[in-house]
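Below you'll find the structure I mean.
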Amino acid sequence: MERTFVMVKPDGVQRRLAGRIIQRFEDKGLRIVGLKMIRMSHKQAEDLYSIHKGKPFYDTLVKFITSSPVVVMAIEGNQAVSVSRKLLGATFGFNAEPGTIRGDFGGSKGLNLIHGSDSPESAQREIPIFFSEGELAKYEHADIGWVYEEPERK
Ligand code: DAT
Ligand code: MG
């Protein structure tokens with residue numbers, strides 16, 4: 001199963017939306033294999049957002065993401081990366097479709113509630129910034145056969 005990294009950002013936690021946001025991933029049939037609340041270190045923020053270093057919004061982004069706790073998650077499922085990105089919606093809340101997390105809960109550029117890896121390669125880079133392999137649970141939900149067809153469970 002493909003893995004992705006998802007994080008409820010400080011605005012999502014502060015606005016008491018973490019539970020409702022996590023629910024979207026459960027509702028979709030995805031498998032949460034890692035979940036914790038942390039206060040992100042400056043080093044973790046620089047690692048996570050290394051591709052944005054030098055952009056005009058970079059300093060604001062690092063300051064925001066380290067300003068208050070976040071909920072980090074490792075999630076597995078059939079095409080988990082692209083499925084999760086669709087649940088997130090477009091980057092800026094004012095562009096994001098209703099029905100998506102960003103579209104339903106926000107209207108901002110930076111205060112966009114949630115992060116999700118943009119490719120399987122990004123997920124493989126991002127998950128170890130926050131989780132050791134031993135912290136990730138190995139299990140299948142009892143109803144997995146009613147969520148995915150056999151070839152999709154690999
Ligand atoms: P995404 O989070 O959809 O993958 P991204 O990787 O391009 O988007 O940017 C990372 C975060 O940086 C994004 O969630 C919000 C912020 N951001 C991106 N572009 C921005 C901009 N032009 N102005 C302000 N913040 C921006
Ligand atoms: Mg991104």
Side-chain angles (χ1 to χ4, degrees), residues 1-137 147-148 152:
M1 291 275 231
E2 191 170 272
R3 267 185 192 168
T4 190
F5 174 69
V6 168
M7 169 180 67
V8 182
K9 293 184 178 182
D11 52 332
V13 174
Q14 286 286 345
R15 291 176 54 199
R16 305 174 181 83
L17 292 170
R20 290 166 74 187
I21 290 173
I22 293 165
Q23 185 73 58
R24 301 282 179 114
F25 295 86
E26 292 196 315
D27 287 347
K28 188 69 178 169
L30 295 162
R31 174 164 65 214
I32 300 170
V33 296
L35 185 151
K36 59 187 171 184
M37 178 178 279
I38 60 162
R39 182 72 177 258
M40 199 186 298
S41 70
H42 196 82
K43 167 89 171 64
Q44 286 173 317
E46 288 195 326
D47 281 357
L48 179 65
Y49 288 126
S50 54
I51 56 158
H52 296 303
K53 200 170 170 72
K55 293 184 186 169
F57 59 86
Y58 175 79
D59 289 344
T60 310
L61 180 59
V62 169
K63 201 169 171 187
F64 161 60
I65 217 71
T66 56
S67 66
S68 182
V70 296
V71 175
V72 289
M73 286 180 277
I75 291 180
E76 293 177 349
N78 185 29
Q79 302 186 51
V81 170
S82 64
V83 166
S84 296
R85 290 285 290 194
K86 284 183 183 147
L87 293 178
L88 264 59
T91 299
F92 303 144
F94 49 82
N95 289 330
E97 292 292 326
T100 66
I101 294 164
R102 288 164 167 171
D104 283 352
F105 294 121
S108 164
K109 277 189 177 175
L111 300 177
N112 65 355
L113 297 146
I114 186 153
H115 168 89
S117 307
D118 61 11
S119 68
E121 295 71 33
S122 295
Q124 280 179 25
R125 192 185 71 77
E126 293 171 0
I127 290 171
I129 299 173
F130 302 97
F131 294 99
S132 64
E133 193 60 34
E135 283 180 295
L136 301 179
V147 174
Y148 294 128
E152 298 164 342

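Remember, it's 1-based here, ligands and their atoms both numbered in the order they're listed.
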Atom-level proximity to ligand 1, residues with heavy atom under 4.0 Å: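 Heavy-atom contacts below 4.0 Å: K9, H52, F57, L61, R85, T91, F92, R102, K109, N112.
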
Results of salt bridge (Lys or Arg N to Asp or Glu O under 4.0 Å) for D118 - residues two or more places apart only: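 So D118 forms no salt bridge (Lys or Arg N to Asp or Glu O under 4.0 Å) with any residue.
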
Student check: side-chain heavy atoms of L136 and E76 closer than 4.5 Å: no

Under 3.5 Å, sequence neighbours excluded: what are the donor-acceptor pairs made by side chains of residues 58-71?
residue	atom	partner	partner atom	Å
T66	OG1	V62	O	2.8
T66	OG1	K63	O	3.3
S67	OG	F64	O	2.6
S68	OG	Q14	NE2	2.7

From CA spacing to verdict: salt bridge (Lys or Arg N to Asp or Glu O under 4.0 Å), E2, R85: CA-CA 13 Å; E2 191 170 272; R85 290 285 290 194; over 6 Å; no

Test log, rule side chain to side chain contact (heavy atoms under 4.5 Å, CB included), inputs V72 and I38: CA-CA 7 Å; V72 289; I38 60 162; 4.1 Å; yes

Sequence-distant partners of F130, ring-ring contact (aromatic ring centres under 6.0 Å, His included), two or more places apart: F5

